[in-house]
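The structure appears right after this line, and notes come after that.
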Amino acid sequence: MFIIKCPYCGERDVTEFSYGGDATRAYPQDPAQATPEDWHAYVYERDNPRGWHVEWWQHSQGCRQWLKLRRNTLTHELGRTALPHEPLSPDDDEGSDA
Ligand SMILES: [Zn+2]
């Protein structure tokens, strides 16, 4: 059990959130020109990081907004959260508020 800090609502229990996947994946720049291999890589190829990772979460039982969360996949330690348009990298420990 852990607490996630929603940028809109503040600290809330994890049970109010839904996991949305890897937030480090980039959608193909020009979808009309993307090859089947590009789409295969985007949809199926995933790293399985051990350590800090940036993930999408939705506050599905609250404000329903999406956010990025920095989480350590080994220890479940939480780093800071960010709005969808804000940059957040797995190595970003600045402003950690977990
Ligand atoms: Zn919220």
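Count residues from 1 along the sequence. Every number for a ligand or one of its atoms is a count from 1 in the order of the listing.
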Taking side-chain hydrogen bond (donor to acceptor under 3.5 Å, both in side chains) as the definition, give me every residue that meets it alongside T73, ordered by chain and number, with sequence neighbours left out.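 In terms of side-chain hydrogen bond (donor to acceptor under 3.5 Å, both in side chains), with neighbours along the sequence ignored, T73 is linked to no residue.
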In terms of relative ring orientation, are W39 and Y42 parallel, tilted or perpendicular, with 30° and 60° separating the classes?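 Because their plane-to-plane angle is over 60°, the rings of W39 and Y42 count as perpendicular.
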Can you run down the salt bridge (Lys or Arg N to Asp or Glu O under 4.0 Å) pairs that involve residues 51-66, sequence neighbours left out, and say none if there aren't any?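 Qualifying pairs: E55-R71.
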Pairs where residues 35-51 contributes a residue and the test salt bridge (Lys or Arg N to Asp or Glu O under 4.0 Å) is met, not counting sequence neighbours: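 The answer is none; no pair qualifies.
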Identify the two heavy atoms, one from C6 and one from C63, that lie closest to each other, and give their separation to 0.1 Å.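 So the two residues come closest at SG-SG, 3.7 Å.
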Whether R70 side chain and H53 backbone form a donor-acceptor pair below 3.5 Å: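 Not at all, since once roles are kept as given, no pair shorter than 3.5 Å links the two residues.
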Under 2.8 Å from the Zn ion (ligand 1), which protein N, O or S atoms are there? Could you list them by chain and number?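 Sorted hits: C6 SG, C9 SG, H59 ND1, C63 SG.
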